[in-house]
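The structure appears below as structure tokens.
Quick caveat: nothing in here was measured; it's all calculated off a predicted structure. Each chain gets a letter, A, B and so on, in the order its sequence line appears, and its residues count up from 1.
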Number of protein chains: 2
Amino acid sequence: MPENQDFDLIDFLPYLLNQAAEESSLAFHQVYKARYGMLRTEWRVLFHLGRYGALTAKDIGARAKMHKTKISRAVAALERRRFLTRTRDQRDKRLEILNLTSAGRAVYADLHDVARSYHQTLVVLFPPEDAERLRMMLRQLAKIS
Amino acid sequence: MPENQDFDLIDFLPYLLNQAAEESSLAFHQVYKARYGMLRTEWRVLFHLGRYGALTAKDIGARAKMHKTKISRAVAALERRRFLTRTRDQRDKRLEILNLTSAGRAVYADLHDVARSYHQTLVVLFPPEDAERLRMMLRQLAKIS
DNA sequence: TGTTGTTAGTTACAAAATCAACTATTACGC
DNA sequence: GCGTAATAGTTGATTTTGTAACTAACAACA
């Protein structure tokens, strides 16, 4: 949308991003919900632990930009399902170090595979350089703050 | 992310889209919340009515891909604030035709302006052709279903 | 004209997100 | 050390969303 006078709200970037995000998340959401009964918050916490290894709730919050109460409840749910364990940090006893169990890692591996193949079905919509540009732009937008 | 073996979940398109969408929506969200006490669902309904003129709840649902209960509640809230009126369609009495009041149109005009200038601050991050490509790709992703 | 099925929209109840208050621990200033 | 402020995380109350059941109106067709 030419950045001149007539600006059409249907081209409003946050709106377009939301539409694309919702639509593209749907199919994957179905999978982790149906397969493991997980919520989006729980998937996200699991994802960060699987991707980055042991983290505290605070770390996850900073990386995923999730509020601490969401994380607290997601961690509790994942712990109930024995997908992670908590260990009190002995140097700073306010902190809990979260680790995936082997069951949790198995779930992560499974969903990682699903994500990879789903990602492929999305990305083939575009020529490779465009997909790469898209990735860069989204990263930049995610950092706006 | 090269579509070969090593796929990194931080490049998972739905994840990137969600991060970018949330981050880029935030500042605008603050505005309509602070200025008019509106929720996102309410802003969206107002936006569609302002952009397209008289519509039924059903129409809005189809365009915005919002569930009818969300729309029903958003319409009720906007009506309470006298931002819209409902008229029963005489040819099909199940339908309600929604119209913005002049107050509603004023809110729309105001937020349209805010959106335009906010959009600009986002879009200048990229060269014009890239921004245009981004727009096209997001539209395509929003249509996936 | 029934009778059956569909559609637009609302409402009630359950699930989840948000916000504020709370506990326990650490950090800072003196 | 002691008192105050800040931090990690939890819990409870309120708000918002999601799901399913519901009402009212229309459509199709015997």
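Partners of Asp92(B) by salt bridge (charged side-chain N to carboxylate O under 4.0 Å, His left out), not counting sequence neighbours, listed by chain and number: Arg94(B). The side chain to side chain donor-acceptor pair (under 3.5 Å) test applied to Arg35(A) returns Asp110(A), not counting sequence neighbours. Remark: His29(A) engages Tyr32(A) in a ring pair (Phe, Tyr, Trp, His ring centres under 6.0 Å) (not counting sequence neighbours). Take Arg139(B) and apply the salt bridge (charged side-chain N to carboxylate O under 4.0 Å, His left out) test, not counting sequence neighbours, and it matches Asp11(A).
Side chain of Thr101(A) to main chain of Arg82(A): a donor-acceptor pair is present (N/O by atom type, distance under 3.5 Å, no hydrogens or angles).
Leu17(B) and Leu26(A) fall into different hydrophobic clusters, defined by Ile, Leu, Val, Met, Phe, Trp and Tyr side-chain heavy atoms under 4.5 Å apart, directly or through other members. The hydrophobic cluster containing Val31(A) also contains Leu122(A), counting ILVMFWY residues as joined when their side-chain heavy atoms lie under 4.5 angstrom apart, directly or transitively.
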### Task
Output, in order, the C-alpha distance, side-chain angles, deciding distance and verdict of salt bridge (charged side-chain N to carboxylate O under 4.0 Å, His left out) for Arg116(B) and Asp113(B).
CA-CA 5 Å; Arg116(B) 174 173 50 203; Asp113(B) 278 359; 3.0 Å; yes
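Residue order along DNA chain D, read from the 5' end via each residue's closest nucleotide, puts Ala57(A) first among Ala57(A) and Lys33(A).
Within the structure, salt bridge (Lys or Arg N to Asp or Glu O under 4.0 Å) pairs that include any residue of residues 42-54 of chain A comprise Glu42(A)-Arg81(A), Arg44(A)-Glu22(B), Arg51(A)-Asp8(B) (at least two apart or interchain). Within the structure, salt bridge (Lys or Arg N to Asp or Glu O under 4.0 Å) contacts touching residues 96-107 of chain A (residues at least two apart or in different chains) are Arg86(A)-Glu96(A), Arg88(A)-Glu96(A).
Residues from residues 68-77 of chain A placing a heavy atom under 4.0 Å of any atom in DNA chain D, listed by number, are Lys68(A), Thr69(A), Ser72(A), Arg73(A). Scanning residues 93-100 of chain A for heavy-atom distances under 4.0 Å to DNA chain C yields Lys93(A), Arg94(A). Contacts between residues 81-92 of chain B and DNA chain D, counted as heavy-atom distances below 4.0 Å, involve Arg91(B), Asp92(B). If you check residues 38-52 of chain A against DNA chain D, you find no residue with a heavy atom closer than 4.0 Å.
On the nucleic acid side, DNA chain C contacts chain A at distances under 4.0 Å to non-hydrogen atoms, with the end points of that region at dA16(C) to dT26(C). The nucleotide range of DNA chain D contacted by chain B, defined by atoms under 4.0 angstrom from heavy atoms of the protein and reported 5' to 3', is dT16(D) to dC26(D).
Between Leu55(A) and the options Ile97(A), Leu49(A), Asn99(A), a side-chain contact (heavy atoms from CB on, under 4.5 Å) holds for only Leu49(A).
Taking the six-membered ring where tryptophan is involved, the planes of Phe12(A) and His119(B) are tilted, since the angle between them lies from 30° to 60°.
For the atom pair CG (Leu134(A)) and CD (Glu132(A)), the distance works out to 9.5 Å, reported to the nearest 0.5 Å. A distance of 9.5 Å separates CD1 in Ile10(A) from CZ in Arg63(B), rounded to the nearest 0.5 Å. How far CG of Leu138(A) is from CG of Leu13(B): 6.5 Å, rounded to the nearest 0.5 Å.
For Leu98(A) against Ala57(A), the heavy-atom pair with the smallest separation is CD1-N, 3.9 Å.
Of the N and O atoms on the side chains of Asp89(A) and Thr56(A), not one donor lies less than 3.5 Å from an acceptor on the other residue.
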